[in-house]
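The structure under discussion appears below in the form of structure tokens.
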Number of protein chains: 2
Amino acid sequence: MNTKVAVVDDHQLVRTGLVQMVQSLPGWEVTIEAANGKDFIDQTNLLSPPDIVLLDIRMPIMDGYETALWIRSHLPETRVLVVSMVSREPAVIRMLRMGVYGFITKNSTQAELHQALSRIQQKQFHVNELVGNRIFHYFSENSTEQLPDEKNTITDREFIFLRKCCSELTYRQIAKEMYVSPRTIDTYRDHLFEKLQVRTRVGLVIYALRSGLIEVDDLV
Amino acid sequence: MNTKVAVVDDHQLVRTGLVQMVQSLPGWEVTIEAANGKDFIDQTNLLSPPDIVLLDIRMPIMDGYETALWIRSHLPETRVLVVSMVSREPAVIRMLRMGVYGFITKNSTQAELHQALSRIQQKQFHVNELVGNRIFHYFSENSTEQLPDEKNTITDREFIFLRKCCSELTYRQIAKEMYVSPRTIDTYRDHLFEKLQVRTRVGLVIYALRSGLIEVDDLV
DNA sequence: TAATAAAACAGTGAATACACCGATATTTAG
DNA sequence: CTAAATATCGGTGTATTCACTGTTTTATTA
């Protein structure tokens, strides 16, 4: 039986490329093709989910972070391979902490994709060389200082909220998008203000950008 | 004889997607596949150049702008169709001024790509609907709506204000720093909202960063 | 010099953001 | 198993932001 793969990316072209690459590998097949997380969820049969999800980070409606969290809690057997443009450390580390199995960039060759898929199938982690070196640096160089947390880690929900803050959405709209009450959003905000030592929403945006959790290109 | 197409994009995946789409259209074939402008030039035979070049903007070594200029001066019969990630880029106009024939985003469907290619083959211009509406007004003389471009310049005071917006200062504090009344600040803000087509202060910050008026490192 | 654009200023009211106070259920970690 | 952290929700009140309406003075430039 073939290994089932889902391809989730809002760019039709990239999707076509990925599907094409996967389909041409013997033993692999693409069962789901979705434009964003929401679309993926709608198409997913909980009883026979895909084995591996190729997931983009930047997507409208429901982005890669949210989708990864959903997969972790709803499809424990399904593993995620992130296919992204970005390779900045904090974003990658955040993703790995969310239970993602691998990370490759969009200029990977078919051979690299194949290798990544195979390794993840065997429950091994896989990161692109480009990405890998950066992470190595991150853990070796500034493991003593620089990391603003240990104690003040941003939680997953707060992180998703933080990303949505970097837009023109009001808090009320963010609440709707995250399916929680505006009060909960207030709490996320207050906690982040405290943790990140800022006082305004612009402060949050600045922190997100300076820390690399958000890239300028991510901004709408 | 088939219409010859070159695909120039640094992302292998996108390239694969584009090639796949073009090859599946009867009457069209891909003769060149390149990772950047330099690579494209090296592969191009000046005596039998491609009819249409699918060109990405952001590429290492030699980007879309340079490549478009080179094509215009060396391959007068070859027409360029830009395939870019972002539609909002003010670069679109610059590109069209450089003699580019069309513009589509990377989330276009195969049908849209086909349509664009066909129109350009007949020497008609083609822009994505998403992009198109914004540009249309720009080129029509009796337009009221304006794009954040040369035509609608940010004044000196507004610019200083814009930079100060990228901080945790309240408008009142900014007013104090700029030695004007808070009302005046309101006017600066309202004018920028109008000119830059945003609705919130975070929108201003995003514009400043994306346009390069402010660098991430400048942020306090 | 007349027309135009920029810079400064102002009122009102509604929407949003922020600052305190609090709570409970669940998950995670020591 | 307890303690801490997380995720969720609530009330009250103030501060700030934003949207709409204007005027006046000062440069610029055609």
Side-chain angles (χ1 to χ4, degrees), chain A residues 65-66 68-70 72-74 76 94 97-99 148-208, chain B residues 141-142 144-146 148-208:
Chain A
Y65 295 101
E66 293 178 82
L69 277 182
W70 186 89
R72 191 176 63 174
S73 58
H74 292 82
R94 166 65 49 178
R97 286 233 307 260
M98 284 180 169
D149 8 283
E150 279 312 312
K151 207 165 194 180
N152 278 343
T153 49
I154 300 170
T155 68
D156 290 340
R157 297 291 286 169
E158 284 165 2
F159 177 70
I160 290 178
F161 165 71
L162 179 59
R163 296 196 100 238
K164 288 185 189 290
C165 277
C166 302
S167 74
E168 295 206 75
L169 295 173
T170 67
Y171 288 138
R172 215 161 283 179
Q173 289 171 318
I174 293 175
K176 202 167 269 179
E177 286 200 1
M178 289 182 70
Y179 302 105
V180 293
S181 111
R183 296 294 173 203
T184 308
I185 291 298
D186 283 351
T187 311
Y188 293 159
R189 183 196 57 216
D190 294 346
H191 284 172
L192 284 177
F193 279 0
E194 174 67 22
K195 288 178 182 177
L196 310 181
Q197 289 293 296
V198 298
R199 301 181 314 281
T200 66
R201 178 157 170 183
V202 174
L204 290 180
V205 175
I206 291 171
Y207 178 89
Chain B
E141 291 154 42
N142 49 358
T144 48
E145 194 188 338
Q146 281 152 334
D149 207 28
E150 305 138 27
K151 209 164 192 177
N152 212 345
T153 46
I154 300 168
T155 68
D156 289 343
R157 299 290 289 171
E158 282 166 3
F159 179 68
I160 294 175
F161 165 71
L162 180 58
R163 289 184 62 89
K164 288 188 188 294
C165 276
C166 302
S167 74
E168 295 205 74
L169 295 172
T170 68
Y171 288 138
R172 216 160 281 180
Q173 290 171 317
I174 293 175
K176 203 167 270 180
E177 285 200 4
M178 290 181 71
Y179 302 106
V180 294
S181 113
R183 294 297 175 197
T184 308
I185 291 298
D186 282 350
T187 311
Y188 294 159
R189 183 197 56 219
D190 293 346
H191 284 172
L192 285 177
F193 280 0
E194 173 67 22
K195 289 179 181 176
L196 310 181
Q197 290 292 297
V198 299
R199 299 181 316 281
T200 66
R201 178 157 170 184
V202 174
L204 290 180
V205 176
I206 290 171
Y207 178 90

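Worth saying up front: this structure is predicted, and the values here are computed from it rather than measured. Chain A is the first sequence line, chain B the second, and so forth, proteins listed ahead of strands; every chain is numbered from 1.
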Taking side-chain hydrogen bond (donor to acceptor under 3.5 Å, both in side chains) as the test, write out the residues that go with B:Arg163, two or more places apart. none
When you match A:Thr170 and A:Asp190 each to their closest nucleotide on DNA chain C, which lands nearer the 5' end? A:Thr170
Name the closest nucleotide to the B:Thr155 side chain, picking from C:dA6, D:dC18, D:dA7. C:dA6
Nearest to the A:Phe193 side chain among D:dA7, C:dA17, C:dA19, which nucleotide is it? C:dA19
Just to verify, what does A:Arg189 make a salt bridge (charged side-chain N to carboxylate O under 4.0 Å, His left out) with, not counting sequence neighbours? A:Asp186
Gap between atoms CD and P, on B:Glu158 and C:dA5 respectively (whole Å): 14 Å
Give the rounded distance in Å between these two atoms: CZ of B:Arg189 and P of D:dC20. 12 Å
What's the CZ-C1' distance between A:Phe159 and D:dA7, to the nearest Å? 18 Å
Atom pair distance, as rounded to whole Å: CD1 in A:Ile154 and C1' in D:dA7: 16 Å
Can you see if the side chain of B:Tyr171 gets near the phosphate of D:dC18 - specifically, an N or O under 4.0 Å from OP1 or OP2? yes
Test of understanding: with salt bridge (charged side-chain N to carboxylate O under 4.0 Å, His left out), list the residues that count as partners of A:Arg172, not counting sequence neighbours. none
May I have the distance from A:Arg72 (atom CZ) to C:dT28 (atom C1'), rounded to whole angstrom? 12 Å
From D:dC18, C:dA7, C:dC18, pick the nucleotide closest to the side chain of A:Arg201? C:dC18
Grab the CE-P distance between A:Met98 and D:dT6 for me, whole Å please. 13 Å
B:Glu194 has an atom CD; how far is it from atom C1' of C:dA5, in whole Å? 15 Å
Got a list of protein N/O to nucleotides 9-12 of chain D N/O distances below 3.5 Å?
residue : atom : partner  : partner atom : Å
D:dC9   : OP2  : A:Ser181 : N            : 2.8
D:dC9   : OP2  : A:Thr184 : OG1          : 2.7
D:dC9   : N4   : A:Thr187 : OG1          : 2.9
D:dT12  : O4   : A:Arg183 : NH1          : 3.3

Tell me the interatomic distance from B:Arg172, atom CZ, to D:dT17, atom C1', rounded to whole angstroms. 10 Å
Name all residues meeting the side chain to side chain contact (heavy atoms under 4.5 Å, CB included) criterion together with B:Thr187; count only those two or more places apart in sequence or in a different chain, and write none if there are none. B:His191
Atom pair CG/CG of A:Leu204 and A:Leu192 - distance to nearest 0.5 Å: 6.0 Å
Contacts of B:Lys164 that satisfy side-chain hydrogen bond (donor to acceptor under 3.5 Å, both in side chains) - sequence neighbours left out: B:Glu177
Which atom pair, heavy atoms only, marks the closest approach of B:Cys165 to B:Val205? O-CG2, 3.9 Å
